[in-house]
Amino acid sequence: AQYAARLQKADRPRGRSDRTSADMLAKLPSFNRRVLHPLHLDEASRYVGQRFARQYESLTKDITARKNRIQAIERTHWPGLEQVVKQPLAPWMRRWREELYDPQALLSLTETELINELLLLGAPPDALGTLALGMRQVAQEIIRLYGPARAAIIFPALRVEVLREQRVLTMFEMERKELGKRIRELRRQLDPHDLALSVVGVGEQGAAVYTFFIGDGQRFPSQRQFRGWTGMCPRSSQSGDVEAKGMSISKAGPSIIKQY
């Protein structure tokens with residue numbers, strides 16, 4: 001494309017359009033056939049795998065966004081809770097939001113009653129006492145901060161918002177889990193000998209991405225061309241006898257490849 005652009009600039013320096021670009025690309029074989037490469041079209045199953053992999057990445061971003069949203073809400077309205085529970089998005093904490101998200105309702109329980117409630121919710125048995133004490137202290141600070149009357153209005157509405165975010169988060173997680181199964185099945189069909197998975201440091205998802213996007217490695221005549229396709233090599237900038245050093249990577253090729 002860069003070679004064609006230079007030829008176009010020399011041929012028609014005053015104008016540029018899609019039509020002139022198409023004309024120049026059509027003439028390119030007569031100028032320098034070596035700069036052209038055969039068009040590679042992935043087989044249908046690999047194309048489906050690429051779609052699956054991109055959907056998986058999109059769901060992962062959605063999941064991260066929902067988790068960040070829930071944590072941001074609670075860092076503002078339940079200050080100190082994250083330090084007490086350590087894992088605010090653990091399964092038992094998700095059930096806790098359904099039952100005890102109101103600080104006044106939490107404080108209405110005795111310490112023993114709260115410990116029993118946490119046990120039923122699935123909290124770690126060896127940390128029940130510490131969790132109950134810490135939660136009560138956080139709830140007391142919240143009541144002092146907001147006042148009983150304001151807290152009685154704010155936290156029921158806040159609970160509705162957080163539970164909605166939590167339901168959407170659960171839905172995204174279930175969709176990603178189901179999609180992950182389909183990705184693994186398709187990868188095993190395309191790579192029955194687990195060649196991609198045998199590379200040191202490559203996990204299940206990375207192996208699937210490599211299998212779907214790289215395909216037949218024989219289409220790359222050299223390591224240099226493969227590096228250029230991945231975009232994991234520095235850009236080149238030359239002027240006369242001077243070549244710039246320390247430039248950023250070219251970022252060519254599928255962006256998802258660079259994540260694994």
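Bear in mind the structure is a predicted one, so any value in this text is a computation, not a measurement.
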4.5 Å side-chain heavy-atom contact, [X] and [Y]:
X: Leu114; Y: Leu128; result: no
X: Tyr146; Y: His77; result: yes
X: Glu113; Y: Thr110; result: yes
X: Ile70; Y: Pro88; result: no
X: Gln104; Y: Ile142; result: no
X: Val85; Y: Trp96; result: no
X: Leu169; Y: Glu173; result: yes

Subject >> Test log, rule side-chain contact (heavy atoms from CB on, under 4.5 Å), inputs Trp78 and Ile73 >> reply: CA-CA 8 Å; Trp78 283 86; Ile73 291 172; over 6 Å; no
Using every non-hydrogen atom in the two residues, find where [X] and [Y] come nearest and quote the distance to one decimal.
X: Ala123; Y: Leu131; value: CB-CD1, 3.9 Å
X: Ala207; Y: Val202; value: N-CG1, 3.4 Å
X: Ala208; Y: Ile183; value: CB-CG2, 3.5 Å
X: Gly129; Y: Glu111; value: O-OE2, 4.4 Å
X: Leu106; Y: Ala139; value: CD2-CB, 4.0 Å
X: Ala53; Y: Val209; value: CB-CG2, 4.3 Å

Below 4.0 angstrom, N of the basic side chain to O of the carboxylate: do [X] and [Y] qualify?
X: Glu141; Y: Arg144; answer: yes
X: Glu98; Y: Arg159; answer: no
X: Arg75; Y: Glu82; answer: yes
X: Glu117; Y: Arg95; answer: no

Original post:
So, for Tyr47 and Phe212, is the gap between ring centers shorter than 6.0 Å?
Top reply: no
Can you measure from [atom1] ([X]) to [atom2] ([Y]) and round to the nearest 0.5 angstrom?
X: Phe52; Y: Leu179; atom1: CZ; atom2: CG; answer: 6.5 Å
X: Arg94; Y: Arg167; atom1: CZ; atom2: CZ; answer: 13.0 Å
X: Leu100; Y: Met93; atom1: CG; atom2: CE; answer: 10.0 Å
X: Gln189; Y: Arg184; atom1: CD; atom2: CZ; answer: 13.5 Å
X: Leu119; Y: Trp92; atom1: CG; atom2: CH2; answer: 11.5 Å
X: Leu186; Y: Ser45; atom1: CG; atom2: OG; answer: 6.0 Å

Subject >> Trace of the side-chain contact (heavy atoms from CB on, under 4.5 Å) decision for Phe213 with Arg54 >> reply: CA-CA 11 Å; Phe213 285 87; Arg54 287 194 171 101; 3.4 Å; yes
Subject >> Aromatic Tyr56 / basic Arg176 pairing, under 6.0 angstrom, 45° off normal >> reply: yes
Over 12 non-hydrogen atoms of neighbours within 6.0 angstrom of [atom1] in [X]:
X: Met174; atom1: CE; value: no
X: Gln83; atom1: CD; value: yes
X: Glu175; atom1: CD; value: no

Please check if the side chain of [X] supplies one atom and the backbone of [Y] the other of a donor-acceptor pair under 3.5 Å.
X: Arg46; Y: Thr211; result: yes
X: Arg136; Y: Leu109; result: yes
X: Asp191; Y: Arg187; result: no
X: Ser198; Y: Leu195; result: yes

Subject >> Joint cluster assignment, Leu163 & Phe172, ILVMFWY side-chain distance < 4.5 Å >> reply: no
Original post:
Going hydrophobic residue to hydrophobic residue with side-chain gaps under 4.5 angstrom, can you get from Leu118 over to Leu133?
Top reply: no
**OP:** Just do the side chain to side chain donor-acceptor pair (under 3.5 Å) check on Glu74 and Tyr101 with the steps written out, would you?
**Re:** CA-CA 10 Å; Glu74 293 181 347; Tyr101 206 68; 3.0 Å; yes
Original post:
Considering the options Leu121, Leu158, Val162, which one meets the side-chain contact (heavy atoms from CB on, under 4.5 Å) requirement together with Arg97?
Top reply: Val162
